[in-house]
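Below you'll find the structure, written out as structure tokens, and then a few comments.
Only this structure's heavy atoms are used, side chains among them; waters, hydrogens and symmetry mates stay out. When a ligand or atom number is given, it counts from 1 through the structure's own listing order.
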Amino acid sequence: MTVTQIQNIFQKLFTRMSVSVSLAPIGVRGMKVLDREKFLRNVSVPVLEVTEDKLAKTTPIVKPYFLKLENFKPVQNYVTEDNLRRKRIFFNPEKIKCWSDIAENHRLTLKNYDVDESNFTFVTLKLTYDNFKFDIIFKAVLPENEEIVSSFSQIGHIIHLNLREHLFEYRYLIGQVLLDKIKTCRTVVNKSNIIDNTYRNFKMEVIAGEEDFLVTVKENRCNFQLDFSKVYWNPRLCKEHERILEFLKPEDVLFDVFCGVGPFSIPAAKRKCQVFANDLNPDSFKWLEHNAKSNKIDMTRLKLYNQDGKDFICTIFKDYVTDIFNGKKILKNEAKIHITMNLPALAVEFLNSFNALLSIEDLSSNIKCDIIVYVYCFAVGEDPVKISKEKVIENIGYDISKDIIDVFNVRTVSPKKEMMRVTFKLSKEVLFSKKLVQNDEPPIKKLCV
Ligand SMILES: C[S@@+](CC[C@H](N)C(=O)[O-])C[C@H]1O[C@@H](n2cnc3c(N)ncnc32)[C@H](O)[C@@H]1O
């Protein structure tokens, strides 16, 4: 018996006895400065050694047991001590600890090809930092039960983290690992405070890679270029942007009150809507203009504004609907007017600008015009639907319960905070409310929610 054969017997015995074989890195918990060498470890791994002619038949049978690691091939060439060329198929030791762990039907099929337990052995595999995915590394390094993978998003080449305070001391390690492991990443930033400024951008710290905030992202078949340090962009809103775009038909009109760099406005203009896009942030405005050009938008369909949302509603929107209601402007093919208000922390506070926006003199007979508002808000509490409805009604100053079309949960921001969208029909009652209320009553009706 050769030394290798004896080693194999011992390895088989040992592996049979051990309850579970973990492939995770060991001895790195608590590491704050990345030391790639410390991830080196030897693991005993089951392999099936077959002659080259048997490989094509054997591989499909044993594929479910393959050892899957980063930068690792589960099927490798091997030359025996007697100089014979063989193939080694590496199995996952977390699944296969001995020959009988292979399903019986698979063992029987293998036997038909003359492959059996005599082909099954164990080899020692040297695992390095390069073999582990970032989530495995974080699981091994960070305090137990920490989950950071869900708290990051990728915007072009930037990975954006929102680390909780107790993980701050690990931030440079986390940044470096992400930079190493995610091929499309060149910059890792951590948001260093919550978004509480007017322009909804965050102060951030570069924790790994280059200080380059200029990104290009693709959404709803449009390209957006932006400076992530100066403007708002959230890849988690892509689906919501798409949902709104689905509501828009060619010739419809969109007033995008807080448009950012244009994720509603630019694709809407591309779909032949008439779009009025506004944002207060001069940088958003700059990138909005840039993106309109780079997406080759017909600028007769897209008008851009850099004003406060309230002024935008009280001038641009007001003038447009005045012309509709006094018959100066006619919408083609019963087109609708849509108003998007995506500034969840504050948008409801702009709703009262619609209340009594128009005077009754502007109203020519019974012109009909569907105006749909999509206003976003945050809801913290047991019943986010009720909370967001109440917010809207309270702020618009009119009981619009009957006009609410939908209350939609867009996404969970944190365990107790939901981002909601309230869709409602902006009625003539609200737009002309002052004049509709008799006897100089204040325009705000008593709310019943
Ligand atoms: C949450 S972002 C939404 C951007 C974009 N609509 C989207 O869906 O990604 C809100 C935007 O509102 C803009 N903003 C903040 N206060 C504003 C105001 N008073 N008037 C107009 N825009 C404002 C910010 O600059 C920011 O771009």
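Contacts between H241 and ligand 1 below 4.0 angstrom, taking non-hydrogen atoms only, involve the side chain exclusively. Only the side chain of F350 comes within 4.0 Å of ligand 1, judged by heavy-atom distances. Within the 4.0 Å heavy-atom criterion, both parts of F258, backbone and side chain, lie near ligand 1.
Ion pair E240/R243 flagged as a salt bridge, since at least one NZ, NE, NH1 or NH2 atom sits closer than 4.0 Å to an Asp/Glu carboxylate oxygen.
Heavy-atom contacts of N281 reach the following atoms of ligand 1: 25 (O) (cutoff under 4.0 Å). Listed by number with element, the atoms of ligand 1 under 4.0 Å from a non-hydrogen atom of Q307 are 20 (N), 21 (C). Atoms of ligand 1 found under 4.0 Å from any heavy atom of P263 (numbered from 1 in listed order, with element): 5 (C), 7 (C), 8 (O), 9 (O).
Between F264 and H338, the ring center distance fails the sub-6.0 Å criterion.
None of F255, F258, Y305 except one satisfies the side-chain contact (heavy atoms from CB on, under 4.5 Å) rule with N278; the exception is Y305.
More than 12 heavy atoms of other residues, nucleotides or ligands shown are found within 6.0 angstrom of NZ on K181. At most 12 non-hydrogen atoms from other residues, nucleotides or ligands lie less than 6.0 angstrom from NZ of K126. Surrounding CZ of R221 are at most 12 heavy atoms belonging to other residues, nucleotides or ligands under 6.0 Å away.
A cation-pi arrangement is present between K417 and F378, with the terminal nitrogen or guanidinium carbon under 6.0 Å from the aromatic centre and inside a 45° cone about the axis.
The shortest N or O to N or O distance between L343 and ligand 1 is not under 3.5 Å. Considering backbone and side-chain atoms together, D308 places an N or O closer than 3.5 Å to an N or O of ligand 1. Geometrically, ligand 1 and N342 share a nitrogen or oxygen pair separated by less than 3.5 Å.
Within the 4.0 Å heavy-atom shell around ligand 1 one does not find E240.
Contact record, P46 with I96: CG-O, 3.3 Å, taken as the closest heavy-atom pair.
Nearest-heavy-atom check against atom 25 (O) of ligand 1 across D279, V231, I313 picks out D279.
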